[in-house]
Structure formats: C-alpha cells, structure tokens
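Here the structure is laid out as structure tokens; the discussion comes afterwards.
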Amino acid sequence: MLDAIIQYVTDNKEWIFSGVGVAIIVAVAGLFFRKKSDINQTIKSGSSSTNIQAGQDVHINNDQK
C-alpha cells in the first residue's frame with residue numbers, strides 16, 4: 001500500500017505540487033483541522049437566580065462562614 005502511494009506521488013509530482021494540487025491538499029487538510037470558532041451560548045434564568053456563563057473555565061470562591 002505504501003509503495004503504491006509513493007509510486008503515485010512520484011509519477012504525478014508535477015500535478016500534485018502545482019497550484020491545483022496544493023489547493024486540493026490544503027482544502028482536505030482544512031476539513032480535518034477545522035476549529036469551530038463560533039460559540040453560541042444561551043442562558044435562561046428564573047427570578048432571584050444567579051447565573052454565570054463563560055466560554056472557558058469559571059472559578060468561584062465563596063468564603064461565607
């Protein structure tokens with residue numbers, strides 16, 4: 001299998017590394033490494049409630065004694 005891939009790349013190196021080939025490789029890699037950047041958060045609260053919403057970690061220190 002690996003020999004077949006190496007042979008294919010060797011036979012088609014001009015096409016693969018031309019502009020079209022690079023664009024296709026980058027597009028396929030982009031599908032695998034895509035990061036979801038749009039975070040959609042909603043919150044519903046009742047009366048007399050405290051709500052905390054964050055996109056990362058939240059640390060709350062409540063030292064009531």
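Please read these numbers as outputs of a predicted model, since none were measured by experiment. Heavy-atom basis, side chains included; hydrogens, waters and symmetry copies ignored.
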For Glu14, give me all partners under side chain to side chain donor-acceptor pair (under 3.5 Å), at least two apart in sequence or on another chain. none

In chain order, what residues pass the side chain to side chain contact (heavy atoms under 4.5 Å, CB included) check against Ile6, with sequence neighbours excluded? Leu2, Thr10

Criterion side chain to side chain donor-acceptor pair (under 3.5 Å) on Asp3 and Gln7, from CA distance to verdict: CA-CA 6 Å; Asp3 292 334; Gln7 185 64 38; over 6 Å; no

In this structure, would Leu31 and Ile25 fall into the same cluster of hydrophobic residues linked by side-chain contacts under 4.5 Å? no

Residues which pass side chain to side chain contact (heavy atoms under 4.5 Å, CB included) with Val58, listed by chain and number, not counting sequence neighbours: Ile52, Ala54, Ile60

Under a single-linkage rule joining Ile, Leu, Val, Met, Phe, Trp and Tyr whose side-chain heavy atoms are separated by less than 4.5 Å, which residues share a cluster with Val26? Val22

Set of residues satisfying side chain to side chain contact (heavy atoms under 4.5 Å, CB included) with respect to Ser49, sequence neighbours excluded: Ser45, Asn51

